A.B. asks: 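I have a structure I would like to understand better, so I am pasting it below and will then ask my questions one at a time.
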Amino acid sequence: MAKQSVSIPDLGTDDAVDVIELCVKPGDEVAVEQSLVVLESAKASMEVPSTVAGRVIALTVKVGDKVHSGTVIAEIETASSATTEAPAPAVVPVAEKTAAPAAPAPVVEAAPVVAAPLADSAPAVAPAAPKDGSVLYAGPAVRKLARELGVELRDVTGSGPRGRLTQDDVRRYVKQLVSKMASIGTAPAVGSGIPAIPPVDFAKFGAVETLPLTRIDKITRDNMHRSWLNVPHVTQWDEADITDLEDFRADMKADMEKRKIKLTPLAFLLKASANALREHPKFNRSLHSDGENFVQKQYIHIGIAVDTPMGLMVPVIRDVDKKGLWDLGAEIAQLSDKARHGKLMPTDMQGGCFTISSLGALGGQGFTPIVNAPEVAILGVSKTQMKPVWDGAAFVPRKMLPLTLSYDHRVINGADAGRFFTFLVEEISDIRRLVL
Ligand code: CAO
């Protein structure tokens, strides 16, 4: 038997946050990643998961305490002295506080498409504000139940202290809705009026297995759904002739081995995207949450979608415009390695202006990536193909890189996108431009 302390991981802020809920009590058995407490900052609620499996000996905080990154929250007895400790997990945002601010509200930070990060302070569930605009309080179990039943928490009236929502409130709401719909003979709509997909008993048709979503899967599910519902997407296709780029990469092979840094097409695409964002600043904006303003960013941070065994994560490379290709190659390797080993912190996934999702190593001729809101555009990269290209006199074999650009049509017009995309394709097709 061994005793282990669990503390709060890096919250990405020095401010104290409140403990608003204890999810376990002394004596409870907990699994890795099971929520121990719920914290609430001025901006969001978040669950702190356990890093070890075992029996809770003591909780060292109580509801109402103010805590920081590093505060010990629980002592847990683990089965053996051989630790089962998981990497420090990111806190899991569970709700954005949506009380109407006096001044324009801050723009919600980019969510990792996962922990996406989604992980960035974007909420894992859609903003849940009661209709009167006050702050909504609901614990993880209530939110889980609401998600399972397809209920928008903002539509439910809380009966607990400070209007806190309980599981009974959610059940009562569903009962009322069902009886109301039964009386008018129609299927209930959920969320933003979208009819729910009726549950199906798949076991009736053959053997099935129920597999739980990972924490990252859940964040991806919620972030993707939110972006898809909120952002009017348009996607454009183009191809870049990267024959010269590929020749250059082949020439650099010995240098790559010497430096132990791989320069894949992604490093060049990061650089080309940074140049395009600098020349076409509309793409480096977010729609302000007040709906009346744009936020024009003066920095160029770009997220890269990384496929990991736990799910999709989007770490962010900062100041891409100020970095050279070797730095970018090294940072891609370092961040994707951290992502694949569950070592990314929330701060690694915050602040993105634009995202690149590269499936180039896997295949495919093109796909329509979903904008990682509140960013306004995302670049999809598919597999390079040798194609015959007409050079004015003959067809010549050229290495063509298929690219897609999805953008938020509320912020970007087709003509803006045409200019941005043409610029980006020209940059990547003629890498001499990348140094300009
Ligand atoms: N065409 C052909 N080959 C490509 C290519 C492309 N567009 N892009 C990369 N490659 C090659 C690389 O050059 C490398 O080849 P070598 O080993 O011979 O040099 C090989 O494919 C593997 O590349 P990589 O995957 O290790 O490196 P990367 O820089 O291209 O990508 C990363 C890094 C982290 C983006 C990638 O590993 C990954 O996780 N991609 C998945 C992203 C994803 O899931 N997106 C979907 C999001 S929405 O669901």
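Note that the coordinates shown come from a computational prediction; the quantities given were computed from them, not determined experimentally. Start at 1 and go down the list; that is how both ligands and their atoms are numbered. As a basis for the values below, the full set of heavy atoms in this structure was taken, side chains included, without hydrogen atoms, waters or symmetry mates.
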A.B. asks: Considering Gly360, Ser358, Gly329, Gly364 one by one, which has a heavy atom nearer to atom 5 (C) of ligand 1 than any of the others?
C.D. replies: Gly360

A.B. asks: Pick one of side chain, backbone, both or neither for how Arg340 approaches ligand 1, counting any non-hydrogen atom pair under 4.0 Å.
C.D. replies: side chain

A.B. asks: In chain order, what residues pass the salt bridge (Lys or Arg N to Asp or Glu O under 4.0 Å) check against Lys297, with sequence neighbours excluded?
C.D. replies: none

A.B. asks: Would you check the N or O atoms of Lys383, main chain and side chain alike, for any that come under 3.5 Å of an N or O of ligand 1?
C.D. replies: no

A.B. asks: Do Ile317 and Leu328 touch side chain to side chain, with heavy atoms closer than 4.5 Å?
C.D. replies: yes

A.B. asks: Counting each atom of ligand 1 from 1 as listed, which ones have a heavy atom of Leu266 under 4.0 Å away?
C.D. replies: 29 (O), 31 (O), 33 (C), 35 (C)

A.B. asks: If the cut-off is 4.0 Å to any non-hydrogen atom of Leu312, which atoms of ligand 1 fall inside it?
C.D. replies: 44 (O), 47 (C), 48 (S), 49 (O)

A.B. asks: Just going by heavy-atom distances, which of Lys262, Lys253, Lys399 is nearest to atom 14 (C) of ligand 1?
C.D. replies: Lys262

A.B. asks: Any atoms of ligand 1 less than 4.0 Å from a non-hydrogen atom of Ser382? List them with their elements.
C.D. replies: 6 (C), 7 (N)

A.B. asks: For the pair Tyr407 and Phe283, name the ring-plane relationship: parallel under 30°, tilted 30 to 60°, perpendicular over 60°.
C.D. replies: perpendicular

A.B. asks: I'd like to know whether CG of Leu362 has more than 12 heavy-atom contacts from other residues, nucleotides or ligands below 6.0 angstrom.
C.D. replies: yes

A.B. asks: Counting only heavy atoms not in Trp237, do more than 12 fall under 6.0 Å of its CH2?
C.D. replies: yes

A.B. asks: Taking NE2 in His409 as the centre, count heavy atoms belonging to other residues, nucleotides or ligands within less than 6.0 Å. Is the count above 12?
C.D. replies: yes

A.B. asks: Distance under 4.0 Å to a non-hydrogen atom of Ser336: what atoms of ligand 1 satisfy this?
C.D. replies: 34 (C)

A.B. asks: Which of the listed options, Ala333, Pro265, Ala305, Ala240, holds the heavy atom that is closest to atom 9 (C) of ligand 1?
C.D. replies: Pro265

A.B. asks: Would one find more than 12 heavy atoms of other residues, nucleotides or ligands at under 6.0 Å from atom CD of Gln365?
C.D. replies: no

A.B. asks: When you look for heavy atoms under 4.0 Å from ligand 1, do you find them on the side chain of Ala361, its backbone, both, or neither?
C.D. replies: both

A.B. asks: As an exercise, identify every atom of ligand 1 less than 4.0 angstrom from a heavy atom of Arg249.
C.D. replies: 13 (O)

A.B. asks: Considering the heavy atoms of Leu401, write down every atom of ligand 1 situated less than 4.0 Å from one of them.
C.D. replies: 7 (N)

A.B. asks: Check each atom of ligand 1 against the heavy atoms of Leu359 and keep those under 4.0 Å away; list them by number with element.
C.D. replies: 43 (C), 44 (O), 45 (N), 46 (C)

A.B. asks: Only heavy atoms of Ser357, strictly under 4.0 Å: list the atoms of ligand 1 that pass.
C.D. replies: 45 (N), 46 (C), 47 (C)

A.B. asks: How about Phe423 and His280: are their ring centroids closer than 6.0 Å?
C.D. replies: yes

A.B. asks: Say whether Val306 and ligand 1 are in contact under the criterion: heavy-atom distance to a ligand atom below 4.0 Å.
C.D. replies: yes

A.B. asks: Kindly confirm or rule out an N or O of Thr264 lying under 3.5 angstrom from an N or O of ligand 1.
C.D. replies: yes

A.B. asks: How many angstroms lie between atom CZ of Arg433 and atom CD1 of Ile428, to the nearest 0.5 angstrom?
C.D. replies: 11.5 Å

A.B. asks: Is there a side-chain contact between Ile356 and Ser273, using heavy atoms and a 4.5 Å cut-off?
C.D. replies: yes

